[in-house]
Amino acid sequence: MKATGCSPTPDHSARNYSAVQQVAEYDHETMADPLFTISSTLRAAFAVVTGLPPEEIDPVVRPSDRADAQANGALALARQLGKQPREIAEAVVATGMLAASCSVTEVAGPGFINLTFKPEFLASELADAAGDERLGVRLAGQQRTVVIDYSHPNVAKEMHVGHLRTTIIGDSLVRLLRFVGHRTILENHIGDWGRQFGMLIEHLLDLGETEGAHELSVGDLNTFYREAARKFDDNDEFKDRSRRRVVELQGGDAETLRLWHLLVDESMRYFNQVYAQLGVLLSNDDLMGESAYNDMLAMVVDRLRDQGLLQHSQGAEVVFADGFVNREGDPLPLIVRNSLGGFLYAATDLACIIDRVERLHADLLVYVVGAPQAHHLNMVFAVARMAGWLAPPVEAVHVAFGNVLGEDRKMFKSRTGDTVKLSDLLDEAVARATASVREKNPEMSPSEQAEVGEMIGIGAIKYADLSTDRLKDYVFDWERMLAFDGNTAPYLQYAHARICSIFRRADLERASLGSIVPSLAAPQERALALALLQFDTTVHDTLDKFSPHRLCTYLFELAQAFTSFYEACPVLKDGHEATRESRLALCDITARTLHQGLFLLGIEAPERM
RNA sequence: GCCCUCGUAGCUCAGGGGAUAGAGCGUCGGCCUCCGGAGCCGUAGGCGCAGGUUCGAAUCCUGCCGAGGGCACCA
């Protein structure tokens with residue numbers, strides 16, 4: 001069949017273009033990245049020269065300005081062996097073991113080995129990656145069961161920019177984890193329990209169930225919550241009713257539970273609309289709200305008591321963990337149950353750990369939670385370790401993130417000082433993007449303009465958030481995130497769309513390109529090939545640090561390498577028939593890498609824009 | 001007061017032991033016989049301060065300065 005643009009070729013089983021969501025069933029051995037390949041060659045060469053066991057040697061291979069790569073291992077080994085670094089480096093080169101893959105191997109400076117790869121070697125590695133559904137990305141060495149805890153909006157409360165960060169960082173991490181072969185369990189720990197539900201239920205009754213439910217389901221959550229809180233503060237009769245209602249809720253009163261369910265369901269209906277607009281993987285199947293752990297809380301306390309960890313302090317039931325002190329420098333306890341007998345969120349968080357480890361058999365717990373929670377989570381983890389619930393090989397990781405700031409570098413707020421509704425933010429992004437699509441493509445049908453505008457607008461918001469180190473605060477700036485130049489989603493999407501445009505013009509079997517070994521004569525072809533081959537390492541680096549911005553940086557550099565190539569290397573023009581197939585093959589794998597990379601960030605790649 | 005995070009170009013950000021610290025935006029200057037110019041090529045401009053470890057520090061350690069956050073019954 002003829003390829004049309006970037007459309008998937010679903011009947012071609014070897015190379016389905018659509019993004020890979022789950023791992024292939026076969027075991028995968030390709031190691032496309034030449035830096036990875038050369039590392040093992042160098043390790044062996046260093047072993048020959050030094051007589052050390054290969055596993056004790058780090059050849060310290062890095063990308064280089066002066067060559068394709070540089071190996072700095074000689075400098076570190078020189079001291080330990082009492083030799084000159086240059087001497088070792090020269091001996092490594094003299095083994096001849098690098099000759100198969102490198103055209104130039106020179107020792108420079110104090111003992112760096114500069115490496116230039118043979119074009120044939122790069123081309124062959126690239127052809128391997130191109131022929132692979134996973135684009136040469138290795139599976140994780142060890143498959144883990146990972147629980148990712150993220151998003152967690154509060155029932156009957158508006159979602160805002162803070163939820164945006166946890167939701168899309170979590171979503172990207174899920175996609176990355178799955179791609180390298182881990183088993184993922186998504187958990188949306190929604191705030192669906194607590195004292196505030198007394199007033200929320202009473203307010204629902206005051207409004208009338210139908211009217212109240214409507215207000216929630218259409219997303220007028222701010223009004224609902226604010227009105228309930230206002231009455232609670234101003235109206236003693238309402239306050240009394242609310243308090244009685246909390247008791248009934250906790251006591252399991254059927255009618256109260258029905259009303260509570262109504263609040264949860266209507267809120268989720270709204271949240272699911274936001275998730276759908278965002279294009280994230282979360283669904284109702286992933287709901288594990290606070291209330292889900294209610295039945296475990298007494299057990300948590302019992303188990304802590306049985307292990308002798310539970311102490312009474314100022315009327316509360318607490319656990320003291322080493323290393324935590326309060327303002328006065330006295331030991332700071334983790335309060336599991338307050339002096340009135342109520343369970344606190346520490347109890348729920350501990351129940352979560354038990355549930356995830358003992359019921360779900362997770363061996364990695366990922367918490368995508370704001371940085372201010374670091375102290376609390378560290379205490380919870382510490383107590384869980386004391387209790388033996390969190391023991392190797394099980395690990396817990398706090399994937400922390402900073403705040404979203406406005407242009408004034410203060411917490412992102414609307415002009416009136418309110419928190420900005422997430423859905424309003426998404427609507428505005430889509431509206432802005434659609435407007436520019438309409439401007440650039442007047443001939444495009446309105447429905448396609450809307451479709452593309454949504455991909456660009458949502459992609460821009462996500463990319464702006466994901467592309468900066470998650471730990472830092474970042475400044476929300478419409479102009480910058482929606483710009484079509486610079487490190488933005490539209491720039492990456494544009495690079496992808498341009499390649500799709502080439503394939504619309506080219507009359508060929510797209511799938512056949514996978515078996516072509518490209519020639520890498522022009523410097524831009526070489527640079528593009530080198531960039532493409534780093535996808536594998538990048539994906540694994542990104543996951544090692546749980547930092548999607550590493551993948552963003554990579555994709556931006558790849559897109560830049562492509563546009564430079566595209567500028568300098570004619571693909572379909574007359575007079576370039578000899579390089580046509582080779583360059584089309586480069587275009588093909590670039591498009592697939594961009595598409596897959598964006599998919600791993602949760603961003604769609606339109607075929608025209 | 002103690003603890004955590006962060007200070008890199010005018011602005012927004014990468015780089016987290018290796019050579020001359022990279023991008024983007026903005027500035028300034030080139031490239032339209034152009035497969036999508038929403039582009040490409042070039043230009044100038046910087047590691048908060050002070051010590052220390054190291055053959056080598058933006059990166060690791062200590063202190064200071066500055067910003068943000070946390071520090072007992074909300075989550």
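Just the heavy atoms: all of them, side chains too, but no hydrogens, waters or symmetry mates, feed the values below.
- Listed pair A/Y491 / B/rC40 meets the phosphate criterion, a side-chain N or O lying under 4.0 Å from OP1 or OP2.
- For B/rC64, the paired base is B/rG48 (Watson-Crick or G-U wobble, both distances below 3.5 Å).
- The phosphate of B/rC74 has OP1 or OP2 within less than 4.0 Å of a side-chain N or O from A/N338.
- To the nearest whole angstrom, the two C1' atoms, one in B/rC41 and one in B/rG63, are 47 Å apart.
- A/Y494 and A/F484 have their aromatic ring centers separated by at least 6.0 angstrom.
- Minimum heavy-atom separation, A/D465 to A/R165: OD1-NE, 2.7 Å.
- Residue contacts shown for A/P490 are absent, as no nucleic acid heavy atom lies under 4.0 Å away.
- Across the C1' atoms, B/rA23 and B/rU43 are found 15 Å apart, a figure rounded to whole Å.
- Between A/F484 and B/rA38, no base-stacking contact is recorded for ring centres under 5.5 Å apart and planes less than 30° from parallel.
- Comparing the C1' positions of B/rG26 and B/rG46 gives an interatomic distance of 16 Å, to the nearest angstrom.
- Residue A/L471 contributes atom CG, which lies 13 Å from atom P of B/rC13 at whole-angstrom precision.
- Contact annotation: A/S436 side-chain N/O to B/rA38 OP1/OP2 distance is not under 4.0 Å.
- A/D574 comes within 4.0 angstrom of no nucleic acid atom, judged by non-hydrogen atoms across all strands.
- Within the nucleic acid shown, A/R195 comes within 4.0 Å of sugar-phosphate atoms alone, with no base atom in reach, counting heavy atoms only.
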Annotated protein contacts, base or backbone, on nucleotides 14-24 of chain B with a non-hydrogen cut-off under 4.0 Å, one of B, S, - each: SS--BBB--SS
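- The main-chain N or O of A/T538 is never found under 3.5 Å from a side-chain atom of A/R550 such that the two would form a donor-acceptor pair.
- With a cut-off of 3.5 Å on both Watson-Crick or G-U wobble distances, the partner of B/rG56 is given as none.
- Pairing for B/rA14 is absent, judged as Watson-Crick or G-U wobble with the two contacts each under 3.5 Å.
- Each of B/rA75, B/rG37, B/rC41 was ranked by its minimum atom distance to the side chain of A/Q373; first place goes to B/rA75.
- If you find the closest nucleotide of RNA chain B to A/G194 and to A/A568, the one lying nearer the 5' end belongs to A/A568.
- Partner assigned to B/rG39 is B/rC31, using Watson-Crick or G-U wobble distances below 3.5 angstrom.
- To the nearest angstrom, C1' of B/rG7 lies 10 Å from CZ of A/R409.
- Remark: the separation of the P atoms in B/rC71 and B/rC13 is 26 Å, to the nearest Å.
- One atom, CD of A/E317, and another, C1' of B/rC73, lie 12 Å apart when rounded to the nearest Å.
- Taking 4.0 angstrom as the limit, A/R327 places none of its side-chain polar atoms (N or O) nearer than this to OP1 or OP2 of B/rG70.
- Going from the C1' atom of B/rG29 to that of B/rC64 covers 44 Å, rounded to whole Å.
- Residues A/T116 and A/D68 bring no donor and acceptor atom of their side chains to less than 3.5 Å of each other.
- Under 4.0 Å is where a charged nitrogen must lie from a carboxylate oxygen, and between A/D149 and A/R356 at least one such pair does.
- No donor-acceptor pair under 3.5 Å is formed between the side chain of A/S467 and the backbone N or O of A/H549.
- Across all strands shown, A/C552 has no heavy atoms under 4.0 Å from either base or sugar-phosphate atoms.
- Heavy-atom distances to RNA chain B give each of A/V325 and A/G329 a nearest nucleotide, and the one nearer the 5′ end belongs to A/G329.
- For the pair A/E202 and A/K231, the salt-bridge criterion is not met [side-chain N within less than 4.0 Å of a carboxylate O].
- Here B/rC35 is the nucleotide among B/rG39, B/rA75, B/rC35 with the atom lying nearest to any side-chain atom of A/K573.
- A/H376 and A/Y345 are linked by a side-chain donor-acceptor pair at a separation below 3.5 angstrom, with hydrogens and angles left out of the test.
- Per the geometry, CG belonging to A/L405 stands 11 Å off C1' belonging to B/rA67, to the nearest Å.
- Side chains of A/Y554 and A/T542: no donor on one and acceptor on the other come within 3.5 Å.
- A pairwise comparison of heavy atoms in A/L35 and A/R62 identifies CD2-C, 4.1 Å as the closest pair.
- Candidate nucleotides B/rA75, B/rC73, B/rC71 were compared by shortest atom distance to the side chain of A/S339, and B/rC73 ranks first.
- Here B/rC74 presents its P atom at 16 Å from CG of A/N154, a figure rounded to the nearest Å.
- Counting non-hydrogen atoms under 4.0 angstrom, A/A371 reaches nothing in the nucleic acid.
- Atom CD1 in A/I335 sits about 8 Å away from atom P in B/rA72, given to the nearest Å.
- Rounded to whole Å, atom C1' of B/rC3 lies 17 Å from atom NE2 of A/H376.
- In this structure, the CG atom of A/D473 is 6 Å from the C1' atom of B/rG68, given to the nearest Å.
- Glycosidic conformation of B/rC32: syn, with the torsion inside 90° of 0.
- Contact check on A/K545 versus A/D541 returns no salt bridge, with no Lys/Arg side-chain nitrogen under 4.0 Å from an Asp/Glu carboxylate oxygen.
- Interface remark: the A/Y494 side chain does not form any donor-acceptor pair with the B/rA38 base, using a distance-only criterion of under 3.5 Å.
- Taking atom P in both B/rG22 and B/rC35, one finds a spacing of 35 Å when rounded to whole Å.
- Contact annotation for A/Y566: base contact, defined as any heavy-atom pair under 4.0 Å involving a base atom.
- The partner of B/rC2 is B/rG70, by the rule that a Watson-Crick or G-U pair needs both atom distances under 3.5 Å.
- In this structure, B/rG26 makes no Watson-Crick or G-U wobble pair, since no nucleotide meets both defining distances under 3.5 angstrom.
- Comparing the same atom, P, in B/rG66 and in B/rA58 gives a spacing of 24 Å after rounding to whole Å.
- The A/V571 side chain lies nearest to B/rC35 when the options are B/rC35, B/rG36, B/rC71.
- On the P atoms, B/rU53 is 34 Å away from B/rC11, given to the nearest whole Å.
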